[in-house]
Number of protein chains: 2
Amino acid sequence: MADNLAENGRKSARTPKHWALKDRLLAMVAAAGPGGPLPGERALAEGFGVSRTTVRKALTELMAEGRLTRVHGSGTYVGSGKVTQRLQLSSYTEDMRSHGLNPTSSLLEAAIEAAEPELAALLAVPAGADVLRLRRLRSADGEPMAIETSRLPLTRFPGLEARVGDTSLYRVLWEHYGVELGHAEETIETTLATPADAALLGNEVGAVMLRLSRHSFDTDNRPVEWVRSVYRGDRYKFVATLVSPREVE
Amino acid sequence: MADNLAENGRKSARTPKHWALKDRLLAMVAAAGPGGPLPGERALAEGFGVSRTTVRKALTELMAEGRLTRVHGSGTYVGSGKVTQRLQLSSYTEDMRSHGLNPTSSLLEAAIEAAEPELAALLAVPAGADVLRLRRLRSADGEPMAIETSRLPLTRFPGLEARVGDTSLYRVLWEHYGVELGHAEETIETTLATPADAALLGNEVGAVMLRLSRHSFDTDNRPVEWVRSVYRGDRYKFVATLVSPREVE
DNA sequence: GGGCTTGAGTGGTTTAGACCATTGCGATTA
DNA sequence: TAATCGCAATGGTCTAAACCACTCAAGCCC
C-alpha cells in the first residue's frame with residue numbers, strides 16, 4: 001500500500017490551489033502593466049476552472065502584497081507597489097516632500113480627555129490629568145496614507161489645544177514651549193483594518209495594516225507625546241537606520 | 001421613499017458580520033484564559049447562528065492579531081500575545097537572552113551562488129561574483145521564530161564558507177577578517193507566508209508575516225551582508241530607538 | 001444641453017455542504 | 001505491558017449559489 005504517491009508525505013509544503021493560482025494571476029498582472037485592468041472575478045473563475053471563492057482568496061492575497069487594487073463596483077487593477085517611509089523624528093511634511101510627494105494632513109478630531117492610568121504613565125502625568133487627543137488623516141498626493149492619533153499632556157503644554165492649526169505641531173512645541181525632541185521609541189507590528197480604518201483609508205475591513213506606536217521624548221528625556229498610527233500594509237514599508245553601540249558584546 | 005433607514009448612507013463604516021463576531025469571540029477568549037481551549041468551529045457556528053465559513057473568517061482575523069492559535073486536528077486555543085524584538089546591530093543570541101529566552105539557530109542551507117546584478121550592487125562586488133548564502137531557522141525557547149537568509153561577499157571573506165559553525169557569524173567576521181559592523185539600513189514590511197515559510201514556522205499558508213531586510217555596513221562603510229528575514233506577524237513586533245538629527249529643520 | 005433614472009456589471013458578504021488532513025484517544029492485539 | 005489500529009472530532013480547502021453594495025454609462029426626461 002505504498003507504491004505510488006511519490007510526492008506525498010514528508011511534512012513537505014503542501015500548496016493550496018489558491019496559492020498556485022497566484023502564479024498564473026501574476027502572469028496576467030505582468031501582461032496588463034501598472035494600473036491595467038484584470039478580467040472580472042467570474043470570468044477568472046471560469047477561465048481557470050475554479051470557484052469564484054478560490055479566485056477571490058488568491059486575489060485577496062495578491063492585494064495584501066500590494067500587487068493588486070480592487071475597486072468595488074468597478075474592477076480589479078494592477079497595483080503600484082509600496083512606498084518607503086523613513087522612521088525618523090523629523091516632521092512628516094518634510095519627509096514626504098523629500099520623496100517628491102505632496103503631503104496633506106486633515107484634523108479629524110481634537111479633544112481633551114482624562115488620562116487612563118496606562119497613558120498617564122507613558123506621559124508622566126497623574127492619572128486623570130488632562131490630555132489632548134489629536135486624530136489626523138495623513139495623505140500623500142491626495143491619497144489617504146495613515147491615520148494618526150497623538151496624545152500630549154496639557155499639564156505641560158497649557159493652551160496647546162488652541163494652537164493646533166495648520167502649522168507643524170513640532171514647530172508649535174518649539175516656539176511656544178521651548179520643547180525640542182530628543183529621541184523616540186518606535187514600535188512596529190501588524191494589525192487588521194477596523195471598519196473605521198477601512199472607511200478612512202479606502203480599504204477593506206480586515207486588510208493587513210502596519211501599526212506604529214511612537215513614544216517621543218524631549219532633549220531632557222521627558223515624555224512629549226504618545227502616537228499611534230496605522231498604515232496600509234499593501235502600500236507602505238518602513239526603513240530605519242541602525243547604528244552600532246560602541247561595545248561589540 | 002426616504003422616511004426610515006435612519007442609520008444608513010453617509011459612507012459610514014459598514015460592519016460585516018464576521019467582524020462583529022470577533023467581539024463575542026473575544027469574550028470567550030477572556031473567559032478561557034491564556035492557552036485555554038475554545039469550542040470547535042462547528043459548535044461556534046451553531047451557537048452564534050452563523051455559517052462555519054463566517055466563524056472561520058472571524059477566527060482567522062483573531063489569529064492574525066495573535067489572540068488565537070489553531071492546531072489542526074486538535075482545536076483552537078487562546079494565544080499568548082506578541083514578543084517584542086529590538087532592531088539593533090547586536091547579535092541575535094545576545095538580544096534574545098536579554099529577554100530571558102533561550103535562543104537556538106539551525107543552519108538550513110549554506111551554499112555559494114553567483115551574485116545577481118541587484119545583489120552584486122548591494123554587496124559592492126562585480127555581478128556574478130561568489131556570494132555565500134546562509135539560510136537559518138531561528139527559534140526562541142524551542143519555538144520557530146524566523147527564517148533568515150543572509151548573503152555575504154566571498155571575495156571579501158575568502159574561506160568564510162568553511163568557518164560557518166556554531167559561533168556567532170559576527171564574531172567570525174571580527175576575529176578572522178577584522179571586520180566590525182558600523183551601521184545598517186533595516187526595512188520592514190508585511191508579507192504573507194509562502195508554503196515553505198508555513199512549513200518551517202508551523203504556520204498557515206497566507207498568514208500575515210513581517211519581512212525585515214537588513215543591509216549591513218562595516219565601520220568603513222563597506223557593505224558586509226544583505227539579510228532578509230520573515231517573522232510571524234501574530235507573534236512578534238519590533239521596536240527601534242530613533243535619535244534626533246542635530247538640525248530641527 | 002443638463003440633470004436624472006435605470007440597469008448591467010463589478011466586487012463584497014454570507015450560506016450550506018462536501019471532502020481532506022491531522023490529532024488523539026480508546027479498543028484491540030501481540 | 002506495550003505497541004498498534006481504528007475511528008471520531010478537529011481544523012483546512014474548495015465548491016456552488018444567492019444576494020448585497022457600488023460604479024458607470026446609456027438612455028430618458030425636462
Side-chain angles (χ1 to χ4, degrees), chain A residues 1 5 7-22 25 37-64 68-79 192-193 195 198-199 202-207, chain B residues 1-2 5 7-22 25 37-64 68-79 193 195 198-199 202-207:
Chain A
M1 58 184 68
L5 293 182
E7 49 112 26
N8 205 355
R10 211 69 43 83
K11 188 99 181 175
S12 73
R14 62 259 125 81
T15 303
K17 200 183 282 192
H18 61 86
W19 187 273
L21 234 194
K22 289 169 67 177
L25 287 170
L38 258 66
E41 297 176 351
R42 290 157 179 91
L44 288 170
E46 188 176 4
F48 288 125
V50 300
S51 73
R52 190 181 156 213
T53 312
T54 302
V55 168
R56 278 188 61 79
K57 195 156 191 174
L59 291 176
T60 300
E61 288 169 359
L62 288 171
M63 212 172 148
L68 287 181
T69 305
R70 287 199 284 203
V71 183
H72 191 173
S74 170
T76 304
Y77 306 91
V78 176
L192 301 182
N203 231 358
E204 288 179 6
V205 175
Chain B
M1 56 184 70
L5 294 181
E7 48 111 26
N8 205 352
R10 211 69 46 83
K11 187 102 184 173
S12 73
R14 63 261 126 80
T15 303
K17 201 183 277 192
H18 62 86
W19 187 272
L21 233 194
K22 288 169 66 176
L25 288 170
L38 258 65
E41 298 177 351
R42 289 159 179 89
L44 289 170
E46 188 175 6
F48 288 127
V50 299
S51 72
R52 189 181 159 213
T53 312
T54 302
V55 167
R56 276 187 63 79
K57 193 155 191 174
L59 291 176
T60 300
E61 288 169 358
L62 289 171
M63 211 173 150
L68 288 181
T69 304
R70 290 199 282 202
V71 184
H72 192 172
S74 171
T76 304
Y77 307 90
V78 176
N203 231 359
E204 288 179 7
V205 175

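In the text below, chain A, chain B and the rest are named by the order of the sequence lines, each starting its count at 1. Excluded from the calculations below are hydrogen atoms, water molecules and symmetry mates; all remaining heavy atoms, backbone and side chain alike, are included. If you're wondering where the values come from, they're calculated on a predicted model, not measured in any experiment.
Contact of the B/M63 side chain with the B/E204 side chain is registered, since non-hydrogen atoms from C-beta on lie closer than 4.5 Å. For the pair A/L21/A/F48, a side-chain contact is recorded, criterion being any heavy-atom separation below 4.5 Å from C-beta on. Two residues are said to be in side-chain contact when any heavy atoms from C-beta on lie closer than 4.5 Å; A/V71 and A/Y77 meet this criterion. Taking 4.5 Å as the limit, some side-chain heavy atom of A/L38 sits within range of a side-chain heavy atom of A/L68.
For the residue pair B/R70 / B/T60, a side-chain donor-acceptor distance below 3.5 Å is found, with atom types taken as modelled.
Distances shown here put a side-chain N or O of A/T54 below 4.0 Å from the OP1 or OP2 atom of D/dT15. For A/T76, a side-chain nitrogen or oxygen approaches OP1 or OP2 of C/dG11 to under 4.0 Å. A close approach under 4.0 Å does not occur between any side-chain nitrogen or oxygen of A/K17 and OP1 or OP2 of D/dG12.
Distance check: B/K17 NZ to B/T54 OG1 gives 6.5 Å after rounding to the nearest 0.5 Å. Separation of atoms OG1 (B/T15) and NZ (B/K22) is listed at 11.0 Å; rounding is to 0.5 Å.
Rounded to whole angstrom, the span from the CD atom of B/E46 across to the P atom of D/dA9 amounts to 14 Å. In this structure, A/N203 atom CG and C/dG12 atom P are separated by 11 Å, rounded to whole Å. We find that CG of B/L62 is positioned 14 Å from P of D/dG11, with the value rounded to whole Å. B/Y77 places its OH atom 9 Å from the C1' atom of C/dT23, with the value rounded to the nearest Å. Between A/W19 atom CH2 and D/dC14 atom C1' there is a gap of 18 Å when expressed in whole angstrom units. Following rounding to the nearest Å, A/L59 (CG) and D/dC14 (C1') show an atom-to-atom distance of 16 Å. Atom pair A/E204:CD and C/dG12:P shows a separation of 5 Å (rounding to whole Å applied). When the C1' atom of C/dA8 is taken as reference, atom CZ of A/R42 falls 11 Å away, rounded to whole Å.
For B/R56, counting side-chain heavy atoms from C-beta on, the closest listed nucleotide (D/dT13, D/dT15, C/dC19) is D/dT13. For A/K57, taking side-chain heavy atoms from C-beta onward, the closest of the listed nucleotides C/dG12, D/dG11, D/dT13 is D/dT13. Nearest to the side chain of A/S51, among C/dG11, C/dT14, D/dA16, sits D/dA16. Nearest to the side chain of A/R52, among C/dT13, D/dG12, C/dT23, sits C/dT13. Residue B/E41 has its side chain nearest to D/dG12 when only C/dG12, D/dT15, D/dG12 are considered. Distance from the side chain of A/H18 is smallest to D/dC14 among C/dG11, D/dC14, D/dG12.
In this structure, A/K57 has no salt bridge (charged side-chain N to carboxylate O under 4.0 Å, His left out) partners at least two apart in sequence or on a different chain.
Helical stems of DNA chain D (runs of at least 3 Watson-Crick or G-U pairs, donor-acceptor distances under 3.5 Å) are listed by first residue: C:1-30 with D:1-30.
In this structure, B/H72 does not pack face-to-face on the six-membered ring of D/dG12, missing the 5.5 Å centre cutoff or the 30° plane limit.
In this structure, A/S74 reaches the sugar-phosphate backbone alone: every heavy-atom distance under 4.0 Å involves primed, P, OP1 or OP2 atoms, never a base.
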